[in-house]
Amino acid sequence: MKILHVETGMNLYGGAQQVAFLLDGMAQRGHQNILVCPPGSAIGQHFANSKIQLACLPCSGDVDIAFLFRLRKVIQAHKPDVVHLHSRRGADVLGGLAAKLEGIPCVLSRRVDNPEPRWWAANKYRLYDRVICISQGIAAVLAELGVPLAKLRAVRSSVDAGPWQNPQSREKFCAEFGTSTDAVLVGVVAQLIERKGHRVLFDALRKLSSSSSSVQIVCFGKGPLRQALEQDAKDLGNQVRFAGFRDDLPRWIGALDLLVHPAFMEGLGVSLLQASAAGVPIITSRAGGLPEAVKHGVSGILVTPGDSNELAQVIKALCDDPVKRKLLGAQGKARIEQEFSVAQMVEGNLAVYAEILR
């Protein structure tokens, strides 16, 4: 089988990392892959010396009409069996049009759960033979918009658990990020944007009793709200630290006592899967695909989105119960191995390709 993949993101995290897992898995199974990506992209550099064929095409977004013609030429040159569109930045609509004009079956991966205008969805999703949703929550959003159920397939994102299971020691973590060795260490791994819910967590921290004053939060990630969030957390003093974007997270996440993700919207939450792989218990919102990433009472606890009072109560309960934290972490680790392996994700995508080719 020959698949042409289109990933226009510049960084190798989130969705692009899933594309890398998929291409490696397909290549190991003997399938041929062509990757269309921007010049200088991290995923292009990742596969620069591999057997994956690269087609580096500039793409400046949804209005880059020239990308449509550049992509058609690549499709004509390689004659793939299927075109798989992985990212939204210029790739979904323009990529769908390119495949349609060349008469090649087309698959779109949908990784976010934000709704689109119904009129737009009614026209856009006609371009694709199948839409692969990384959670049932995303599939439900698209079904509500009128996308035919016959087009929707759920294939969860995956985690390569190995790198997350050998973290640095707690002492090294505290030295690296300036935290106290006797504090309960809480991590947040998310872009610094409004829908990730950092302010809800800060409000919850203010409501914790003095008995939980040893809680310290490390926020991993970058984004446009960093300055505003730092200002918002100023009154919390040394209880909150901003660590910025780190490309060495597998070294550190496993040293946390707890990971909190109070997002208002989320397609699935790969950072939560990674935390579970590292054996870290999780508190997250009952929103989007998050209840699929974290099973309530098994790998973590689900709370109402935006409810800082409930979040504070759950944080306190877990901070005061190290035995339960350990149990949730161990159960989460086992769940990743059973339900979110890279092999399962690769086979799920291959099944969709085979289905449309039949």
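Positions are given from 1 along the sequence.
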Rounded to the nearest 0.5 Å, what separates atom CG in Leu85 from atom CG in Leu71? 7.5 Å

Test salt bridge (charged side-chain N to carboxylate O under 4.0 Å, His left out) applied to Asp129 and Lys151, step by step: CA-CA 6 Å; Asp129 295 272; Lys151 283 193 174 187; over 6 Å; no

Exam field: side chain Asn123 to backbone Trp119, donor-acceptor pair closer than 3.5 Å: yes

Heavy-atom check, side chain of Cys37 versus side chain of Thr8, under 4.5 Å: no

Are Leu192 and Leu236 joined in one hydrophobic group, where the rule is that I, L, V, M, F, W and Y side chains link up if heavy atoms are under 4.5 Å apart? yes

Indicate the atoms forming the closest heavy-atom contact of Leu54 with Gly44, along with that distance. CD1-O, 3.5 Å

Give a yes or no on whether Lys295 atom NZ has more than 12 heavy-atom contacts from other residues, nucleotides or ligands under 6.0 Å away. no

Step by step, would you call Phe173 with Leu256 a side chain to side chain contact (heavy atoms under 4.5 Å, CB included)? CA-CA 9 Å; Phe173 181 100; Leu256 293 170; 3.6 Å; yes

Taking atom types as modelled and ignoring hydrogens, do the side chains of Trp252 and Asp248 form a donor-acceptor contact shorter than 3.5 angstrom? yes

Answer whether the closest heavy-atom distance between the side chains of Glu355 and Arg153 falls below 4.5 Å. yes

For Glu230, is there an ion pair with Arg226 - N to carboxylate O distance below 4.0 angstrom? yes

Taking Asp232's backbone N and O only, do any of them form a donor-acceptor pair with Arg199's side chain (distance below 3.5 Å, no angle check)? no

Minimal heavy-atom distance between Ala293 and Gly269, with the atoms involved, is CB-O, 4.2 Å

Membership question, hydrophobic clusters at under 4.5 Å side-chain separation (ILVMFWY): are Ile134 and Val270 in the same one? no

When you compare the side chain of Leu94 with that of Ile65, does any pair of heavy atoms fall below 4.5 Å? yes

Do side-chain atoms of Arg130 reach the backbone of Val107 as a donor and acceptor pair under 3.5 angstrom? no

Distance col, row Ile138:CD1 vs Arg156:CZ, nearest 0.5 angstrom, shows 11.5 Å

Cut-off 3.5 Å, side chains only: do Thr304 and Glu310 have a donor facing an acceptor? yes

Interatomic distance, CD1@Ile43 vs OG@Ser41, rounded to 0.5 Å, equals 7.0 Å

Quick one: does Thr284's side chain have a donor or acceptor within less than 3.5 Å of a partner on Leu302's backbone? no

Between Asp203 and Lys207, does any side-chain N to carboxylate O distance fall below 4.0 Å? no

Separation between CZ (Arg29) and CG (Leu350), nearest 0.5 Å, reads 6.5 Å

Using only heavy-atom distances, determine whether the side chains of Tyr353 and His31 contain a donor-acceptor pair under 3.5 Å. no

Hey, is Glu102 close enough to Lys79 for a salt bridge, meaning N to O under 4.0 Å? no

Nearest heavy-atom approach of Ala233 to Phe242 is CB-CE1, 4.4 Å

Compute whether any side-chain donor of one residue and acceptor of the other, for Gln18 and Ser158, lie under 3.5 angstrom apart. yes

Please step through side chain to side chain contact (heavy atoms under 4.5 Å, CB included) for the pair Ser276 and Ile282, ending with a clear verdict. CA-CA 8 Å; Ser276 284; Ile282 299 164; 3.4 Å; yes

Is Leu249 close to Val189 at the side-chain level, that is, under 4.5 Å between some pair of heavy atoms? yes

For the residue pair Tyr125 and Tyr128, does the interplanar ring angle fall in the parallel (under 30°), tilted (30 to 60°) or perpendicular (over 60°) class? perpendicular

Could you tell me whether Asp64 and Arg70 make a salt bridge, using a distance below 4.0 angstrom between a side-chain N and a carboxylate O? yes

Gln216 versus Ser180: any side-chain heavy-atom pair under 4.5 Å? yes

Please evaluate residues Asp92 and Arg110 with respect to the criterion salt bridge (charged side-chain N to carboxylate O under 4.0 Å, His left out), reporting the C-alpha separation (whole Å), side-chain torsions for both, the decisive distance (0.1 Å), and the verdict. CA-CA 9 Å; Asp92 53 359; Arg110 170 85 173 186; over 6 Å; no

Calculate, to the nearest 0.5 Å, the distance between atoms SG and CG belonging to Cys133 and Asp113 respectively. 10.5 Å

Thr179 and Val218, any side-chain heavy atoms less than 4.5 Å apart: yes

Within the 3.5 Å criterion, strictly below it, is a donor on Gln344 or Ser341 matched to an acceptor on the partner's side chain? yes

Quick check: closest heavy atoms across Val6 and Ala91, and the distance to 0.1 Å? CG1-CB, 3.8 Å

Interatomic distance, CD1@Ile132 vs NE2@His84, rounded to 0.5 Å, equals 4.5 Å

Taking side chain as C-beta onward, heavy atoms only, is Cys106 less than 4.5 Å from Leu127? no

Leu23 and Leu35 have their tightest heavy-atom pair at CD2-CB, 3.9 Å

Is there a side-chain contact between Leu201 and Val188 in this structure, where contact means two heavy atoms from C-beta onward sitting under 4.5 Å apart? yes

Can Glu266 and His261 be counted as having a side-chain donor-acceptor contact under 3.5 angstrom? yes

Minimum heavy-atom separation for His198 and Cys219, please, with both atom names. CD2-SG, 4.2 Å

Pair Phe220 and Phe177, ring centroids less than 6.0 Å apart: yes

Salt-bridged, Glu176 to Arg246, with N to O below 4.0 Å? yes

CD (Glu144) with more than 12 external heavy atoms under 6.0 Å: no

